[in-house]
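We count ligands from 1, going down the list as the structure has it; atoms in each ligand are counted the same way.
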Amino acid sequence: MTVKFKRLALIGIGLIGSSIARSVRQHELAEEIVCAARTSDTRRVALELGIVDEAFDDPKDAVKGADLVIFCTPIGTYSTLAETIAPVLAEGAIVTDVGSVKGAAVKAIGPHMPSHVDFIPGHPVAGTEKSGPAAGFAELFVGRWCILTPVEGSSKAALKRLSDFWAAMGSKVEIMDPEHHDLVLAITSHIPHLIAYNIVGTADDLEDVTQSEVIKYSAGGFRDFTRIAASDPTMWRDVFLHNKDAVLEMLGRFSEDLTALQRAIRREDGETLFKIFSRTRAIRREIIDAGQETPEPDFGRVHKSDDD
Ligand code: NAP
């Protein structure tokens, strides 16, 4: 494949930025990889891991001469960072991001972009509950969707180049408008995170069930929520603050459906419960068939027998 950039500048090098750096190295998609990071610790770790050639304190130094710039920081940082780097962006550079909300990325970065760059927001729908440069891995994007949300003025050639870049890292690429992205992700990602944060918080607040009981019997379902609820608080705070409308819209529907379930339980309406639970089981089957999940029971966890 002919996707090769001269200089890739990653603004922020946590889980996502460092996974991009690793994958770009592995697939030789850039001659030079540099990053900007806020703390000296993060810059040191990125250099020690050998995933970047240079790490800068000032994002302007990272983007100078870069033909691909990727924002890999929490969404709340975008506007200030975009304003900072705008004056030094190279002619013809592609500027993109990996943020989980796209309308907000357009609003925060778009107005600062000079006309001589191509700005195309993006979102790799891939991640884990871990943070920081040591948490990344090159295969994170393999088989996962990357959604690109071009804006008015994004050139076709740049969109093709960026699509090829993500495809070369193993992603399946989809083009969408930013508002639709935010609605789809509200139900598939943001609300599930909110539910996980809420249920784990509720369990923590209970007075008549002890903490040790919650932990001891967590395999009953609770444990699977705790993985999601361990996700980075800064990133997720920013997701909810910046996708407020779509999340509130989906949350309204969720509450109505929850009320229907509550009513079915109160009325001992087993038929309704059975019908809903059968429908949801079929959805999991579809996710497995689409290759988005392992068919192994209990996510393929290894269960040690009591004799081990
Ligand atoms: P992360 O591991 O916490 O890394 C965040 C990076 O941003 C770090 O390098 C951090 O630098 C830097 N940073 C934070 N605040 C900053 C500021 N005020 N100024 C400059 N740099 C700052 O986060 P991540 O999981 O990679 O997430 C990054 C982006 O990817 C977010 O926009 C998120 O929405 C998106 N995303 C995440 C996932 C996921 O599952 N995690 C999936 C898809 C998309 P220091 O380490 O020096 O503080």
Side-chain angles (χ1 to χ4, degrees), residues 9-23 33-49 51-52 55-63 69-85 95-109 121-142 144-149 166 169 171 173-174 178 181-182 184-186 188-190 192-193 196-197 227-243 246-247:
L10 298 161
I11 315 286
I13 185 119
L15 169 72
I16 302 294
S18 74
S19 296
I20 295 176
R22 287 171 168 94
S23 182
I33 307 171
V34 301
C35 75
R38 180 175 56 162
T39 61
S40 56
D41 243 17
T42 298
R43 293 194 292 275
R44 181 184 49 76
V45 173
L47 286 167
E48 277 173 12
L49 289 167
I51 55 179
V52 294
F56 298 96
D57 172 21
D58 186 342
K60 287 201 289 304
D61 293 329
V63 307
V69 175
I70 311 181
F71 283 72
C72 302
T73 54
I75 297 160
T77 66
Y78 279 11
S79 179
T80 308
L81 285 168
E83 191 177 7
T84 307
I85 63 168
V95 179
T96 185
D97 78 306
V98 295
S100 313
V101 183
K102 299 297 13 124
V106 174
K107 274 199 206 119
I109 301 175
H123 176 208
V125 187
T128 74
E129 66 282 16
K130 301 266 171 63
S131 306
F137 51 100
E139 300 74 26
L140 179 63
F141 310 112
V142 175
R144 299 280 161 241
W145 287 100
C146 178
I147 302 173
L148 299 179
T149 64
W166 280 103
M169 291 197 287
S171 288
V173 179
E174 182 94 15
H181 167 280
D182 291 352
V184 171
L185 269 291
T188 56
S189 170
H190 307 169
H193 275 79
Y197 282 124
R227 184 192 70 75
I228 300 181
S231 299
D232 188 67
T234 308
M235 168 190 158
W236 283 96
R237 176 202 63 196
D238 283 7
V239 167
F240 290 111
L241 293 180
H242 291 89
N243 200 21
V247 166

Verdict with reasoning, Leu15 to Asp232, per side chain to side chain contact (heavy atoms under 4.5 Å, CB included): CA-CA 10 Å; Leu15 169 72; Asp232 188 67; over 6 Å; no
Sidechain N-carboxylate O distance under 4.0 Å for Lys102, Asp97: yes
side-chain contact (heavy atoms from CB on, under 4.5 Å) partner of Pro59, chosen from Leu81, Val69, Leu10: Leu81
Residues in contact with ligand 1, criterion: heavy atom under 4.0 Å: Gly12, Ile13, Gly14, Leu15, Ile16, Arg38, Thr39, Thr42, Cys72, Thr73, Pro74, Ile75, Thr77, Tyr78, Val98, Gly99, Ser100, His123, Pro124, Ala126, Gly127, Thr128, Ser131, Gly132, Met235
Whether Ser23 side chain and Ile20 backbone form a donor-acceptor pair below 3.5 Å: no
Main-chain N/O of Gly103 paired to Asp182 side chain as donor or acceptor, under 3.5 Å: yes
Distance-only side-chain donor-acceptor flag, Thr42 / Arg38, under 3.5 Å: no
